[in-house]
Amino acid sequence: MNNLVGQAILPAAAFQAALSGHAHSPNAGSKPAAARIGCPTSAACQTLAQLSAFALFCLLLAAPVLCAQSGAAGADWPTYGGAYSAWRYSALDQVNRGNVQKLAPAWVFQTGDYENGLQATPIVLDGVLYLSTSNAWVFALDGATGRMLWEYRFPLSKSIPLYGKQNRGVAVGRGLVYLGTADNHLVALDRRTGEEVWRVNVEDSRQCGCNITGAPLVVKDLVITGVTGGDSAHRGYLTAFDAATGRMRWRFHTIPGPGEKGHDTWPGESWRYGGGGTWMTGSFDPDLNLLYWGVGNAAADLNAALRRGDNLYTDSVIALDPDTGKLQWYYQEIPQDVWDYDAAYEMQLLDLTVAGRPRKALLHVTKSGFTWVLDRRTGEFLAAWPYVKNYNWISGISPAGKLLGRNEPEPGKVKLLCPSTIGGKSWNQSAWSPRTGWVYIPVLEICSDLIVRDEDPQEGRGFTGGNWIMKPPPDAKQESYLAAFDPLTGKRQWSVPATTWLLASVLATAGDLIFSGDPEGNFFALDARSGKRLWSFPTGAGHRGSAISYSMAGRQYIATPTGWGSLVGQAHAALWSGPLPRPGSALFVFALPEGTK
């Protein structure tokens with residue numbers, strides 16, 4: 001292993017007894033790569049011309065990044081992460097470091113749905129922007145003017161699980177718009193008219209205590225959705241439906257049942273209520289024909305008394321054949337999680353040079369305050385590094401991927417553990433730029449007093465096994481900042497402090513800009529290479545959603561949802577002094593004035 005990687009992950013403390021994460025392929029041999037999938041839209045194909053200058057740049061770049069990779073969004077923003085590779089990077093550069101100070105509002109759209117803020121990632125295809133809200137409303141808007149083309153409102157039931165009404169976006173493909181709802185339905189709408197084409201009840205939310213808060217993902221002729229449930233007495237799963245009809249094609253249970261491999265990691269009946277939610281959106285490699293999804297924590301969150309074992313496949317990255325739902329490999333980052341550090345967050349698919357070898361890598365920035373780097377062909381562990389300064393739940397991670405010095409909560413004691421159960425970052429996504437080769441992470445330096453208690457599971461009810469109280473790190477200040485890191489070594493390149501905390505996603509662009517927003521209502525742009533603040537605009541409401549970029553008629557737009565909300569966002573007053581973030585639910589869209597060079 002590269003010495004720099006070893007230095008990044010080896011702990012200062014002495015080795016202690018630890019459980020290890022490991023990669024595993026259930027099938028002997030390797031599966032041949034699938035044929036390439038073409039561009040999803042004509043607009044996306046036009047992006048290739050915009051990338052020609054970038055390809056030349058890559059030939060001159062001396063960094064552990066292989067530039068012959070395509071994970072950039074272009075004229076459209078067609079998927080949750082911008083592209084299947086989830087870089088949250090736009091190849092558009094009309095707005096750049098030299099002119100971003102001229103960026104101005106082009107239009108604003110008010111949704112009228114103020115519950116839990118506006119947490120969505122807008123989707124843009126062929127000049128139409130699709131936006132969803134917490135109450136399962138969907139809007140189709142003209143991307144150049146904001147004119148509403150149609151509106152849809154799903155009739156939510158009154159039985160909403162403990163995760164509440166939250167929605168982080170739709171998926172668009174095959175002429176349809178796909179929406180997951182807070183009462184666990186998946187709905188398909190006609191892209192042109194907004195008329196409902198089909199709907200399915202994924203599972204009765206009154207029984208499972210689960211729902212859909214993440215954006216679905218369209219892969220080939222399937223639409224794939226996960227569910228919440230990691231904090232409930234629930235057995236998690238990932239489900240694929242026929243994109244045209246809504247018929248279920250396959251379901252993968254994240255907790256193996258009797259007779260399935262891995263079932264022996266769950267004693268007794270604990271597998272029935274073991275959590276393993278799939279509540280965020282996965283990634284897809286069409287060349288390898290592999291679907292990647294992150295799996296949440298085991299339940300009860302803080303108490304493993306009823307589930308002594310590795311608890312597969314919780315806290316794991318799973319790689320599935322999207323055609324069948326069959327497991328191809330998995331890597332468990334945290335066996336027997338007792339900190340609520342689930343592994344459900346974004347997985348960025350990068351091509352990196354590791355120890356002199358080109359590797360198809362998967363970068364996974366997780367709640368635990370650590371980033372894992374895996375080989376996405378096989379699940380082999382490549383590296384891990386902390387992106388937070390304050391962590392004490394382990395002393396480190398070995399070069400082989402073993403957790404060292406586990407520091408677990410204990411019954412009858414209050415123990416301060418870092419990072420907090422909110423995570424070293426929340427679900428808001430990081431971004432990666434192929435121009436710098438760096439990953440940009442919104443970091444939280446917050447800890448939790450963990451209190452363990454015994455609970456008996458009741459299907460569909462909350463099942464946390466304890467409680468937590470947010471606290472500052474020991475002998476350090478509570479803080480948040482946006483930082484740039486080398487994706488392989490974890491070396492921090494720069495960091496910019498926030499006034500309070502950062503709970504909005506990050507957007508990187510080919511203009512060497514990094515965009516995000518804060519609870520105080522500021523939408524801002526930083527220099528991707530130095531972190532220097534170049535521009536800011538007061539939107540009037542806090543930021544909890546995900547900004548995107550797209551272009552129409554040769555003009556680049558930057559769009560950001562505004563409006564503070566979410567379950568985590570409700571903790572603001574307990575953590576930070578000063579005015580509360582303002583609620584709202586508006587989409588602000590910015591562009592340069594016509595004729596700007």
Side-chain angles (χ1 to χ4, degrees), residues 37-55 57-58 67-96 120-131 141 143-144 168-173 177 215-219 281-286 346-351 363 428-440 504-516 525 528 545-561 587 589-591:
I37 293 178
C39 300
T41 67
S42 59
C45 291
Q46 293 169 4
T47 305
L48 296 175
Q50 299 169 345
L51 293 174
S52 59
F54 167 62
F57 162 81
C58 286
C67 293
Q69 48 185 319
S70 56
D76 292 334
W77 191 275
T79 70
Y80 184 68
Y84 281 141
S85 296
W87 294 356
R88 289 199 51 77
Y89 171 81
S90 170
L92 302 176
D93 63 359
Q94 184 181 82
V95 181
N96 54 58
T121 293
I123 298 296
V124 179
L125 273 179
D126 301 325
V128 179
L129 185 149
Y130 302 91
L131 181 67
L141 310 173
R168 300 188 180 107
V170 298
V172 181
V177 178
L217 185 68
V218 176
V219 173
T281 306
S283 303
F284 174 59
D285 187 328
E346 69 275 8
M347 290 158 290
Q348 294 159 340
L349 310 185
L350 315 178
D351 292 350
L363 189 76
N428 46 309
Q429 304 149 81
S430 56
W432 182 77
S433 170
R435 289 182 57 82
T436 62
W438 298 338
V439 59
Y440 300 87
S505 295
V506 182
L507 168 68
T509 76
D512 279 341
L513 295 171
I514 301 298
F515 290 92
S516 193
S546 304
I548 66 164
S549 186
Y550 62 96
S551 70
M552 291 182 64
R555 193 181 190 195
Q556 182 181 358
Y557 296 88
I558 310 290
T560 184
L587 184 72
V589 179
F590 300 88

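Because only heavy atoms are used, hydrogens play no part in the values below, and waters and symmetry mates are left out as well, while side chains stay in. When a residue number appears, it is its place in the shown sequence, counting from 1.
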Quick one: are [X] and [Y] in side-chain contact, heavy atoms under 4.5 Å?
X	Y	result
Tyr84	Leu349	no
Asp76	Asp126	yes
Thr121	Gln429	yes
Ile558	Phe515	yes
Glu346	Tyr80	no
Trp438	Ile514	no
Ser433	Tyr440	yes
Leu587	Leu129	yes

If you look at every heavy atom in [X] and [Y], which pair is closest and at what distance?
X	Y	answer
Pro216	Gly169	CD-O, 3.7 Å
Trp77	Tyr89	CH2-N, 4.0 Å
Asp512	Arg435	OD1-NE, 2.9 Å
Gly82	Ala73	O-CB, 3.5 Å
Val218	Ala171	CG2-CB, 3.9 Å
Pro78	Leu125	CB-CD2, 3.8 Å

Exercise. Would Leu92 and Thr509 satisfy side-chain contact (heavy atoms from CB on, under 4.5 Å), going step by step from the backbone distance to the final call?
Worked result: CA-CA 6 Å; Leu92 302 176; Thr509 76; over 6 Å; no
Exercise. Does any N or O in the side chain of Ser546 come within less than 3.5 Å of the main-chain N or O of Ser505, such that one atom is a donor and the other an acceptor?
Worked result: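 Absent.
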For this session: Mark yes or no for whether Asn96, through its side chain, and Gly511, through its backbone, hold a donor-acceptor pair below 3.5 Å.
Result: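 Side chain of Asn96 to backbone of Gly511: no pair is present.
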For this session: Please work out whether the ring planes of Tyr550 and Tyr557 are parallel, tilted or perpendicular, with thresholds of 30° and 60°.
Result: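 The rings of Tyr550 and Tyr557 lie parallel, inter-plane angle below 30°.
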For this session: Verify whether one side chain among Ser430 and Gln348 offers a donor that lies under 3.5 Å from an acceptor in the other.
Result: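 Yes, side-chain donor-acceptor contact under 3.5 Å.
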For this session: Drop me the distance from Leu217's CG to Phe284's CZ, to the nearest 0.5 angstrom.
Result: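 One finds 8.5 Å between CG of Leu217 and CZ of Phe284.
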Exercise. Taking Gln556 as the fixed residue, which of Ser90, Ser551, Ser549 is the one that meets the side-chain hydrogen bond (donor to acceptor under 3.5 Å, both in side chains) rule?
Worked result: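 Among the candidates, only Ser549 passes.
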